[in-house]
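One structure is given here, and the rest of the page talks about it.
Note that ligands are numbered from 1 as they come in the structure, with each ligand's atoms numbered from 1 the same way.
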Amino acid sequence: MNKKEILLFLTLVLPVFVNVQEYGLVRSDEFESSGQFANPFKQPHYLPLNLAIGGDNGGDPDVDAFPMKYEIDYVRVYQKKRGIRSGEIWPDDKGVHINAHGGGILYRDGKYYWFGEHKSETTSSAWVGVTCYSSTDLMNWKNEGVALSVSDDPNSDIVRGSVIERPKVIYNEKTGKFVMWFHLELKGKGYSAARAGLAVSDTPTGPYTYIRSGRVNPGIYPADMTKEDREITFDQKLFDKWWTPEWYDAVNKGLFVKRDLEGGQMSRDMALFVDDDKKAYHIFSSEENLTLNIAELTDDYQDHTGKYIRVFPTGHNEAPAIFKKAGTYWMITSGCTGWAPNEARMFSAPSIWGPWTKHPNPCRGENAELTFGGQSTYILTLPGETDNKYIFMADIWRPKRPIDARYIWLPIQFGDDGIPYIEWVNEWKP
Ligand code: GAL
């Protein structure tokens, strides 16, 4: 090679094992087909380093200087700290997409615990149970494993293959127990059981012991049902044809409450709320998802007291999520379109017992009419005085591949009128 023409590239290929704590995830086909979204940067891999010698800027090197030893002492790799990125794969501490859908958060002793439905490749039914992840910054989550496991006993309510949805955990100061309620559907029975399930643990991460499941408040009329309505005997034909004026009137007056009175009210999508006075409430879709119930829990949070109200009969509200700010209770729900997104609804009340007032859709901007593609699941209230104190959480369902469902976490903002609203933010930090 002519001296003048020398342009030497010294290429060093070093195997570098990079231990990056916070990273952006590259999704490769290989990982996708394995069903796990593993982080390639956490696998052994090569980082090619190129050294160019000569050229216009360096000038001609002296060929007699070669061969030359080129030593690299260390390589430092930096990566931008990851904020919350709604809609994207959200890797846990092992680089695997977090599997905690329809979830909720418990805050205890400086740590956040995220509980949710474990979903698999092909089904939304419970093949594993309720999962738990922990975090101190809400961005980096450690997989704490299965908090409530499905059972292999075919006689168990929570046998593998049942439906366990929207688990929520609250801590009871009186008993020192962590109390989990969830929506349970019995295996092979579709969504007809409509039960509330209860499980309890001495530690936040579990394992939780399954206690029981059932319909709610059997034999008890809602507190807001008038004496006259309690005495009506409905014509059974009213069940045959829905959405007629007579049907609406009958549902408002308690057609389904009466139908289910003896065995208890249906309980599907649900939320739990602990008020400032430590009283807790179970909020759930009832009456074939036509009506929300707000039901008081006993002091140990493990039963219902029998006091409950109905909110928006015939309103078809699902996916309730609730928070309280300056004495006002705010509730965000969805409509009932299964896994498909729809427009969020918002309600407020001066007391948990109402009266509840409807507000316009709290979401703003592109795709707001579909809740940005998601369905509400929880509103997290951060402890102390802090920015972004209320976080709206929703699920972007992927019914064809349930494990790939995504999360929407967005800060709730407030207008000058104090009304909450939610805008999409690509990436933000709590
Ligand atoms: C949704 C509900 C989910 C799940 C799903 C089943 O409307 O919010 O929790 O039950 O329906 O289709």
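The shortest N or O to N or O distance between Glu117 and ligand 1 is not under 3.5 Å.
Under 4.0 angstrom from ligand 1, there are no non-hydrogen atoms of His183. Counting heavy atoms under 4.0 Å from ligand 1, residue Arg268 does not touch it at all.
Note: Trp181 and His304 meet the aromatic proximity criterion, with ring centroids under 6.0 Å apart.
The closest donor-acceptor contact from the side chain of Thr298 to the backbone of Asp303 lies under 3.5 Å. A distance-only check finds no donor-acceptor pair linking the side chain of Asn289 to the backbone of Cys336 [under 3.5 Å].
The protein atom (non-hydrogen) at minimum distance from atom 7 (O) of ligand 1 is Glu318 OE1, 2.4 Å. The shortest contact between atom 10 (O) of ligand 1 and any protein heavy atom is with Glu165 OE1, 2.7 Å. For atom 3 (C) of ligand 1, the closest non-hydrogen atom of the protein is Asp269 OD1, 3.7 Å. Atom 11 (O) of ligand 1 has as its closest protein heavy atom Gly338 CA, 3.6 Å.
Remark: Lys325 fails to qualify as a cation-pi partner of Tyr390 under the 6.0 Å distance and 45° angle criteria applied to the six-membered ring.
Residue Trp397 places every heavy atom at 4.0 Å or more from ligand 1.
The existence of a salt bridge linking Arg160 and Asp152 is confirmed by a sub-4.0 Å separation between a basic side-chain nitrogen and an acidic carboxylate oxygen.
Ring pair Tyr407/His97 is tilted by interplanar angle, where 30° to 60° counts as tilted.
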